[in-house]
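A short write-up of the structure that comes next.
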Amino acid sequence: MMKRADIRAFLEAISGGNANPRTELDYATPYQLLVAVVLSAQATDVSVNRVTRTLFADAPTPQAMVALGEAAIAQRIKSIGLWQAKAKNVAMLSHLLLERHGGEVPGDRAALEALPGVGRKTANVVLNEVFGQPAMAVDTHIFRLGNRTGLAPGSTPRAVEDALLKRIPKDMLKPAHLWLILHGRYVCKARTPECWRCPGAAYCTYGEKTIKA
DNA sequence: ATCCCGAGGG
DNA sequence: CCCTCTGGAT
């Protein structure tokens with residue numbers, strides 16, 4: 001019998017009844033969240049968290065970040081990949097926030113994506129987590145989930161995003177973002193998915209196709 | 001060898 | 001669609 005991907009039931013199952021998930025990537029201010037996500041490209045959450053701890057201790061605001069300067073920023077993030085481009089982006093992005101937005105993180109997509117280092121995914125993280133807008137940031141974890149669960153099989157990140165937006169109840173959209181990322185990070189892992197401890201297995205066919213019991 | 005809360009460019 | 005940028009973890 002074919003299981004049907006029920007996104008609501010799936011989300012309720014993997015959420016563990018936690019309506020307000022908080023993670024190590026729960027930053028103090030919208031600015032720090034934005035910078036952290038810009039730094040997160042092709043880097044693990046743990047490594048990003050490690051460098052942002054020292055970076056934000058010295059430069060918690062865009063003013064302080066501009067004062068710190070690109071070279072000093074680079075020196076503090078060299079343990080993660082792509083640090084050259086990221087240091088340049090964070091310095092310029094901070095400058096532009098001051099110049100264009102009074103030092104505040106803008107709440108509209110066009111303004112966000114006009115910042116260096118900020119693409120659709122990063123803009124969606126800010127729109128979802130900071131402004132509570134109907135946006136889903138499809139990172140590598142959520143993209144993988146979208147394909148494995150049959151929500152948007154063999155599709156593009158944009159198609160996964162649209163499918164999630166269409167099918168996730170509005171009041172679940174914000175917590176769902178973190179639920180899905182954490183689930184992809186720790187359970188529905190890229191190399192060794194642990195279907196046997198997935199609470200959403202009843203709404204997913206991936207385990208049946210890959211793990212023959 | 002593969003992957004990580006991607007972006008930018010061809 | 002493709003490619004490059006990059007270090008650390010597994």
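Per chain, numbering begins at 1; letters A, B, ... match sequence-line order.
- Atom CG of Leu145(A) and atom P of dC4(B) are 11 Å apart (whole Å).
- Applying the side-chain hydrogen bond (donor to acceptor under 3.5 Å, both in side chains) test to pairs two or more places apart or on separate chains, those with a residue in residues 104-117 of chain A are Arg109(A)-Glu113(A), Arg109(A)-Asn124(A).
- Side-chain heavy-atom separations under 4.5 angstrom define the hydrophobic clusters, and the remaining members of the one that includes Val66(A) are Leu98(A).
- The phosphate of dC3(B) (OP1 or OP2) has no side-chain N or O of Arg185(A) nearer than 4.0 angstrom.
- Distance check on atom P: dC3(C) versus dT2(B) gives 14 Å, rounded to whole Å.
- When the side chain to side chain contact (heavy atoms under 4.5 Å, CB included) test is applied to Val118(A), the partners found at least two apart in sequence or on another chain are Leu34(A), Val38(A), Leu93(A), Leu112(A), Leu115(A), Thr122(A), Ala123(A).
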**Request:** Would you mind building the protein contact string for nucleotides 3-10 of chain C? One character per nucleotide, 5' to 3', B for base within reach (heavy atoms under 4.0 Å), S for sugar-phosphate only, - for untouched.
**Result:** --BBBSBB
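- A distance of about 22 Å separates the P atoms of dG8(C) and dA7(B), rounded to the whole Å.
- To the nearest angstrom, C1' of dC1(C) lies 17 Å from CZ of Arg158(A).
- Summarising the geometry, the separation between OH on Tyr186(A) and C1' on dC3(B) is reported as 15 Å, rounded to the nearest angstrom.
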Could you go through nucleotides 8-10 of chain B and list every protein N or O atom that sits under 3.5 Å from one of its N or O atoms, giving the distance for each pair?
residue: dG8(B); atom: OP1; partner: Gly117(A); partner atom: N; Å: 2.8

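- When the C1' atom is used for both dT6(C) and dC4(B), the distance is 12 Å, rounded to whole Å.
- Residues Ala41(A) and Leu82(A) come closest through the heavy atom pair O-CD1, 3.7 Å.
- Scanning for side chain to side chain contact (heavy atoms under 4.5 Å, CB included) contacts around Asp162(A) gives Arg158(A), with sequence neighbours left out.
- Every residue two or more places apart in sequence or in another chain was checked for a side-chain hydrogen bond (donor to acceptor under 3.5 Å, both in side chains) with Lys88(A), and none qualifies.
- Sequence neighbours left out, not one pair with a member in residues 105-126 of chain A passes ring-ring contact (aromatic ring centres under 6.0 Å, His included).
- Within the 4.0 angstrom heavy-atom criterion, no nucleotide atom of any strand lies near Ile142(A).
- Atom CE of Met172(A) sits in a crowded spot, with more than 12 heavy atoms from other residues, nucleotides or ligands closer than 6.0 Å.
- The separation between Asn147(A) atom CG and dC3(B) atom P is 13 Å, rounded to whole Å.
- Residue Asp139(A) contributes atom CG, which lies 15 Å from atom P of dC3(B) at whole-angstrom precision.
- Nucleic acid contact for Thr192(A): none, since no nucleic acid atom lies under 4.0 Å from a heavy atom of the residue.
- Here ring-ring contact (aromatic ring centres under 6.0 Å, His included) pairs that include residues 55-81 of chain A, with residues two or more places apart or in two chains, are Tyr27(A)-Phe56(A).
- Rounded to whole angstrom, the span from the CZ atom of Arg144(A) across to the C1' atom of dC5(B) amounts to 11 Å.
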